[in-house]
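In what follows, every heavy atom counts, from backbone to side chain, and hydrogens, waters and symmetry copies are set aside. First the proteins, then the strands, lettered A, B, ... as listed; each starts at 1. A quick note: this is a predicted structure, and the numbers were derived from the prediction, not measured.
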Protein chains: 4
Amino acid sequence: MGKKKGPKYNQIIDAAVTVIAKHGYHQAQVAKIAREAGVADGTIYLYFKNKEDILTSLFEEKMGRFVETIRTKIESCQTVDEKFLLLMTTHFEQLEADKQLAIVTQLELRQSNTDLRLKINDILKGYLTLMDELITEGKESGYFDPELDNRLARQMIFGTLDEVVTNWVMKDCKYDLSALAKPLHQMLLGGFCKR
Amino acid sequence: MGKKKGPKYNQIIDAAVTVIAKHGYHQAQVAKIAREAGVADGTIYLYFKNKEDILTSLFEEKMGRFVETIRTKIESCQTVDEKFLLLMTTHFEQLEADKQLAIVTQLELRQSNTDLRLKINDILKGYLTLMDELITEGKESGYFDPELDNRLARQMIFGTLDEVVTNWVMKDCKYDLSALAKPLHQMLLGGFCKR
Amino acid sequence: MGKKKGPKYNQIIDAAVTVIAKHGYHQAQVAKIAREAGVADGTIYLYFKNKEDILTSLFEEKMGRFVETIRTKIESCQTVDEKFLLLMTTHFEQLEADKQLAIVTQLELRQSNTDLRLKINDILKGYLTLMDELITEGKESGYFDPELDNRLARQMIFGTLDEVVTNWVMKDCKYDLSALAKPLHQMLLGGFCKR
Amino acid sequence: MGKKKGPKYNQIIDAAVTVIAKHGYHQAQVAKIAREAGVADGTIYLYFKNKEDILTSLFEEKMGRFVETIRTKIESCQTVDEKFLLLMTTHFEQLEADKQLAIVTQLELRQSNTDLRLKINDILKGYLTLMDELITEGKESGYFDPELDNRLARQMIFGTLDEVVTNWVMKDCKYDLSALAKPLHQMLLGGFCKR
DNA sequence: TATGAATGAGTATTCATTCAT
DNA sequence: GATGAATGAATACTCATTCAT
């Protein structure tokens, strides 16, 4: 069980995204996912331990490279300032590139029970670590306020990005999301106040 | 039906909060709520139309005055700066005052798929309007950057507050939440950068 | 209990007829009957043992005089032939006089469980006896075939009358029912065949 | 869903007949039918849309050929007189052949309030048409009174047959039903009166 | 590997009846 | 007598998971 191999593994995950995006979390039965994937119900259980495992694997597969992509990209930047802008831009671009997936991760999977949400948080932990490193770097380089509370700053960045993406998804993804990175970057780093 | 009167009405709502906080949204059966409230299953239906009506009434009863309380409190403030600080402090204090309720509204009720989410959004709409007014006031008074995008600023504030509270709840409410208002206020208004 | 006295007793029975005719047997809850009667739910149980007792009492009260009326009327007739015609005419006239009641007895009460239907049959027993007497009289007077099987003849008469009335009710009582007595009388006594 | 194939489909229908005949319509729970059929509750829903679908399918499967059988049989008869006798005999014989089924169709299924009654009426409609044709044929051949009212004659035949069968069922099917066809035939065609 | 038929635990809601006032 | 708030038993249907083929 759990043979994370073969084309069917990915077929099933993609089918889950499609079904959840189309019918919603509570109407995404295993049988429906199996039909969408073109396999028998029982086949699902050759690749996944149970239904929850489909959802967490979905999150892992689809979001696993999410953070890595960001980390790689910002390496090329010189300043913390630039790094932050690129982090946000890349965050938005990646979600903008797969709107169906955005619906699933921003809206539908949040209806799942608390256990699944804890696993999602685990996956996000790498993202929070990255932000933490950036904040520390900013503080050490003298660019950020040295009194900054890392945890709060991190929650502020993540909470903001998440809320902005969720609003975009709820407005049917019909405006340019990555264009918002720049003004947000300015607001996060410079605050609301005039200088 | 729907008598919305008598001590039993409140007994049942309080029982629902207790049961959901203790067992989670998906394990909060009507029978369990009835037992906790000390009434028969059928009695629930003398006071509520159906199970969902319990949850929406819970939200209305418990959170209905949330925004109004904040709006009233900040009226006494002179400056936008003070208003923002008081908004955040009051936001945190109200949730801190009933930790069980915080668990229910921040984590459990978000798993619902129904009209309840619409009702939650209704309440939030009033909150977003209030934030909007504050932001505009800040811009007009020359305190905020006149180029500030209201929608983004609003999402930044709300996303930050929500994320901070959710983290506090997931850490079992074991630190002082309202004490975070001040540093957050500084970060939101002044940004991460040193001045 | 079961004090078959007072105006409320009749109020409740009339309310039951109205409610059943309007909403159907399966939607005729005790609470609905009580409201229609203008009494409290509990009051019903001062006059009736239980819900089934309302229905059997309804049948007794409303249909009890049914047979007696027929019996009295046909006493004035000279011949069996006349008696039969008058029996059928009176049967139809009585049901035609209260169409709501006809709906209840012909359609709705038949959906009741087998126990109630047995009680209804008890009440009808007097009617069958009357028919039996008439058939015997017809045979003894030499008017009917002496070989006639009383039981079958009785079932034929009752089955025919019942089916004719039921069809009339299902066609919304919109044609003249008692006018059918005469041709039916001729068919029952003379048969389908030409003479 | 609704595979209408395989031995289980018939097992379930037969179990429904058995359970309803034994415990009555209102005590025929799905779980009881499943146990009698030797399958799990959920299996029922692989073969039937819902509980009502079991009952309508039961009626279709068991009574669907009822009228057709009669129609085929009487084709071989020469005279209307013979046709009528055979119609009645076949009607009785078919019900006599499965007494449990007779209980279900004559008594229990009549307590239903649903589409089932419409379905029953549909089947009966074909029967009434057949009777109509016979009556017309009798009139045209000069055998029946040309003044005969088809509708009334039809209701008289059907009402009589139905009443006779119902009485037989209520007397626990303990006498010879089809033997009654002959005397009834004589009474219907020749009337009660001596000739 | 793959199938898909079969499983059976789990739950919101109705409504006849009671009984304290 | 009269009330009506409270009771609680009873039931169809879904769907994640299994296992014989």
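Shown here for D/Asp14 and D/Lys62, the closest heavy-atom pair between the two residues is OD1-NZ, 3.0 Å. The two residues B/Gln27 and B/Lys32 come nearest to each other via the heavy atoms O-NZ, 2.9 Å. Minimum heavy-atom separation, A/Leu95 to A/Ala102: O-CB, 3.9 Å. Closest heavy-atom contact between B/Gly64 and B/Ile123: CA-CD1, 4.0 Å. For the residue pair B/Ile44 and B/Ile12, the shortest heavy atom distance occurs at CD1-CG2, 3.7 Å.
Both D/Asn50 and A/Gly42 sit near DNA chain F, but only D/Asn50 has its closest nucleotide nearer the 5' end. Place C/Asp41 and D/Ala40 on DNA chain E by their nearest nucleotides, and D/Ala40 ends up nearer the 5' end. Each of D/Ile44 and A/Val39 has a nearest nucleotide on DNA chain E; the 5'-most of these lies closest to A/Val39.
When the C1' atom of F/dG4 is taken as reference, atom CZ of C/Arg35 falls 13 Å away, rounded to whole Å. Here E/dG4 presents its P atom at 19 Å from NZ of A/Lys32, a figure rounded to the nearest Å. In this structure, C/Ile12 atom CD1 and F/dT3 atom C1' are separated by 13 Å, rounded to whole Å. Rounding to whole angstrom units, CG of residue C/Asp53 and P of E/dA16 are separated by 14 Å. Atom P of nucleotide F/dT14 and atom NZ of D/Lys49 are separated by 11 Å, given to the nearest angstrom. The interatomic distance linking A/Tyr9 (OH) with E/dA2 (P) rounds to 15 Å, in whole Å. Nucleotide E/dA16 holds its P atom 13 Å from the CD atom of C/Glu52, rounded to whole Å. Protein atom CD1 of C/Ile33 is 17 Å distant from nucleotide atom P of F/dG4, rounded to whole Å.
B/Phe48 and B/Tyr9 have parallel rings, their planes meeting at less than 30° on a 0 to 90° scale where 60° marks the start of perpendicular. The aromatic rings of D/His26 and C/His26 lie tilted to each other, with the angle between the two planes from 30° to 60°.
For the OP1/OP2 pair of F/dA5 and a distance below 4.0 Å, the side-chain nitrogens and oxygens of B/Tyr47 include no atom meeting the criterion. For C/Tyr45 and F/dT3, the shortest distance from a side-chain N or O to OP1 or OP2 is not below 4.0 Å. Taking only side-chain nitrogens and oxygens, D/Lys8 never comes nearer than 4.0 Å to OP1 or OP2 of E/dA5. Close to F/dT17, at under 4.0 Å from its OP1 or OP2, lies no side-chain N or O of A/Lys51.
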How does DNA chain E look in dot-bracket notation if pairs are Watson-Crick or G-U with both distances under 3.5 Å, crossing ones as [ ], other-strand ones as |? .||||||||||||||||||||
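The backbone N or O of C/Thr105 sits less than 3.5 Å from a side-chain atom of C/Arg110, completing a donor-acceptor pair.
Contacts of residues 19-31 of chain A with DNA chain F (heavy atom under 4.0 Å): A/Gln29, A/Val30.
Partners of A/Asp41 according to the salt bridge (Lys or Arg N to Asp or Glu O under 4.0 Å) rule, which considers only residues two or more places apart in sequence or in another chain, do not exist here.
For A/Glu36 and A/Lys22, the salt-bridge test fails: no basic side-chain N is under 4.0 Å from an acidic carboxylate O.
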